[in-house]
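Read the structure below first, then the notes.
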There are 2 protein chains.
Amino acid sequence: MSAGSMSFRHFILGLLTQQPMSGYSIKCTLENFSWLVGKPSFGSLYPALHALLNDNLVTVEVVTHESKPPSKVYSITQRGRQVLKEWVQQPAGTSTSLKDFVMRLMLADNFDHDGLIAQLRQRRDQVAAHHTDLEHLVTTPSDSQKLQQQLALDYGLALATAGLNWLDRKLDQLSEQVLLMEDLQKG
Amino acid sequence: MSAGSMSFRHFILGLLTQQPMSGYSIKCTLENFSWLVGKPSFGSLYPALHALLNDNLVTVEVVTHESKPPSKVYSITQRGRQVLKEWVQQPAGTSTSLKDFVMRLMLADNFDHDGLIAQLRQRRDQVAAHHTDLEHLVTTPSDSQKLQQQLALDYGLALATAGLNWLDRKLDQLSEQVLLMEDLQKG
DNA sequence: TCACTCATGTAATTGGTTACATGATTAG
DNA sequence: CTAATCATGTAACCAATTACATGAGTGA
């Protein structure tokens, strides 16, 4: 799991806003997204949790189960929420990689409505740009790549198209929600 | 660019089977796939090329251009092809991440027809499994994630669906090609 | 009893990013 | 003349994987 603009610590912190979790259960949760996000090793996960604890961004509680080994359940602190909030708001940079975007999506709760829309819109534009780039490469194969990489380009194009559709749909839904809210406030 | 089962060196080696390239032009090529694959830094690219050179898997030639700085163009050697071939054939492991798969696709030339089909089929099964997992998670939201991550799951599902369709189409095309070949041999 | 899941951790090594350093050419 | 593109490289730092180490309970 490489950093990119997405620091692993902050990501974990974000997951903990949803509910307290142990290192092991974080790993299991991430397993569901391994396809897009990759799976972190315990060798990175546990030290990250220790670091967060050390900075007072989380607290631990040892929970004993019958018929299972005890687990250390981590909860985010007030300070943790603060730090996450600051981190979540600032970047707005060109975080191009799919992985980073999905990780951000997983933390969607920590954005306000407008922030989320802004993120999605930004992403839409990025993917749209990539999409046209790919299309151009596919239709006008330069001497440097004749048949080569055609497969990968084609696959990338298919995914970009699907991603774009999804983003458009979501953005429509979200702006509809805004309109409904406004109607309610008027009526 | 993290390793995964996809070593960066082998990946470069694979790109060089398509045509000789300089470090800089490799970076540019990869730029087109940055969305899916991320972009490597020169700090990893150049040392990787030096290492390949050191192992006699590639050769260099300094090419001077008018009105441009000279570039070092690397070509794969016989030994390089050998090593790549061995590496490309063995793994067959569960390389779950999207990034690894796309990188593999970019090296598709280095598979024979059957090898490619095998890779795609394997991938298809993996994605199909992920797809059903995600569907299950979306439809039966466990207490642990109510609305949270719904967005990410939804997005993942959309991409998985698109990926699955693409794989099915490609596999159909490839098996059709096989049938055509057999017909030709008969007739 | 053997293997697997649950559950935590540390240490060595690898490998990548970031920042630094250089330098020519071209377009505004 | 300044910024950007082309083009290569090194060194310090940081982060992640891998391998190791432990241990209890469960199901075959």
Side-chain angles (χ1 to χ4, degrees), chain A residues 1-12 20-31 34 37-55 58 60-74 93-97 99-100 103 144, chain B residues 1-13 20-31 34 37-55 58 60-74 91 93-97 99-100 103 144:
Chain A
M1 204 167 255
S2 65
S5 70
M6 187 49 129
S7 120
F8 190 38
R9 306 240 176 99
H10 289 281
F11 180 59
I12 292 177
M21 286 198 263
S22 67
Y24 193 85
S25 62
I26 288 176
K27 183 120 194 287
C28 293
T29 302
L30 259 24
E31 213 76 26
S34 65
V37 146
K39 30 185 134 180
S41 62
F42 286 123
S44 62
L45 190 46
Y46 287 124
L49 286 169
H50 300 332
L52 289 174
L53 189 61
N54 204 55
D55 293 346
V58 298
V60 220
E61 189 190 356
V62 178
V63 176
T64 56
H65 317 267
E66 338 156 356
S67 78
K68 268 188 193 178
S71 58
K72 289 184 164 186
V73 175
Y74 293 85
T94 64
S95 65
T96 38
S97 105
K99 178 178 160 180
D100 279 6
M103 287 170 95
S144 50
Chain B
M1 205 166 250
S2 64
S5 70
M6 186 50 126
S7 122
F8 190 37
R9 305 238 176 101
H10 289 281
F11 180 58
I12 292 177
L13 211 48
M21 287 198 263
S22 67
Y24 193 85
S25 63
I26 289 177
K27 184 119 192 286
C28 294
T29 302
L30 258 26
E31 212 78 25
S34 65
V37 144
K39 32 185 132 182
S41 62
F42 286 124
S44 63
L45 190 47
Y46 286 124
L49 285 168
H50 299 333
L52 289 174
L53 189 61
N54 204 56
D55 293 347
V58 298
V60 221
E61 189 189 356
V62 178
V63 176
T64 56
H65 317 268
E66 342 156 353
S67 78
K68 269 187 192 177
S71 58
K72 290 183 165 188
V73 175
Y74 293 85
T94 65
S95 66
T96 38
S97 105
K99 179 178 159 181
D100 279 6
M103 288 169 94
S144 50

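Proteins come first, then strands; the chains are lettered A, B, ... in the order of their sequence lines, and each starts at number 1.
Protein atom CG of B:L49 is 12 Å distant from nucleotide atom P of D:dT10, rounded to whole Å. Summarising the geometry, the separation between NZ on B:K27 and P on C:dT18 is reported as 10 Å, rounded to the nearest angstrom. Atom CG in A:L45 sits about 18 Å away from atom P in C:dA11, given to the nearest Å. One can place CD of A:E61 at 13 Å from P of C:dT8, the figure rounded to the nearest angstrom. Across the protein-nucleic acid pair, A:E31 atom CD and C:dA7 atom C1' stand 15 Å apart, rounded to whole Å. In this structure, the CG atom of B:L30 is 16 Å from the C1' atom of C:dT17, given to the nearest Å. The separation between A:H10 atom NE2 and D:dA15 atom C1' is 14 Å, rounded to whole Å. Atom NZ in B:K68 sits roughly 7 Å away from atom C1' in D:dC6 (whole-Å rounding).
Under the 4.5 Å side-chain criterion, counting only non-hydrogen atoms from C-beta, A:L45 is not in contact with A:Y24.
Remark: A:S67 is in phosphate contact with D:dT26, judged by side-chain N or O atoms under 4.0 Å from OP1 or OP2. In terms of phosphate contacts, B:S44 brings no side-chain nitrogen or oxygen within less than 4.0 Å of OP1 or OP2 of C:dG15. One finds no side-chain N or O of B:Y46 lying less than 4.0 angstrom from the OP1 or OP2 phosphate oxygen of D:dG9. Between A:H50 and C:dT10 there is a side-chain polar atom (N or O) within less than 4.0 angstrom of OP1 or OP2.
In this structure, the nucleotide among C:dC6, C:dT10, C:dG16 sitting nearest to the side chain of A:P47 is C:dT10.
Between the NZ atom in A:K39 and the OG atom in A:S44 there is a gap of 13.0 Å [rounded to 0.5 Å]. To the nearest 0.5 angstrom, A:S22 atom OG is 6.5 Å from A:Y46 atom OH. Here the NZ atom belonging to B:K72 is positioned 6.0 Å from the NE2 atom belonging to B:H50, to the nearest 0.5 angstrom.
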* Apply the test side chain to side chain contact (heavy atoms under 4.5 Å, CB included) to residues B:I12 and B:L49: give CA-CA distance (whole Å), side-chain angles for both, the deciding distance (0.1 Å), then the verdict. => CA-CA 8 Å; B:I12 292 177; B:L49 285 168; 3.8 Å; yes
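Two residues, B:R9 and A:H65, neighbour DNA chain C, and the one matched to the more 5' nucleotide by heavy-atom proximity is A:H65. Of the two residues contacting DNA chain D, namely B:K72 and B:P69, the nearest-nucleotide position lying further toward the 5' end is that of B:P69.
Looking at heavy-atom distances under 4.0 Å, B:S41 makes contact with a base.
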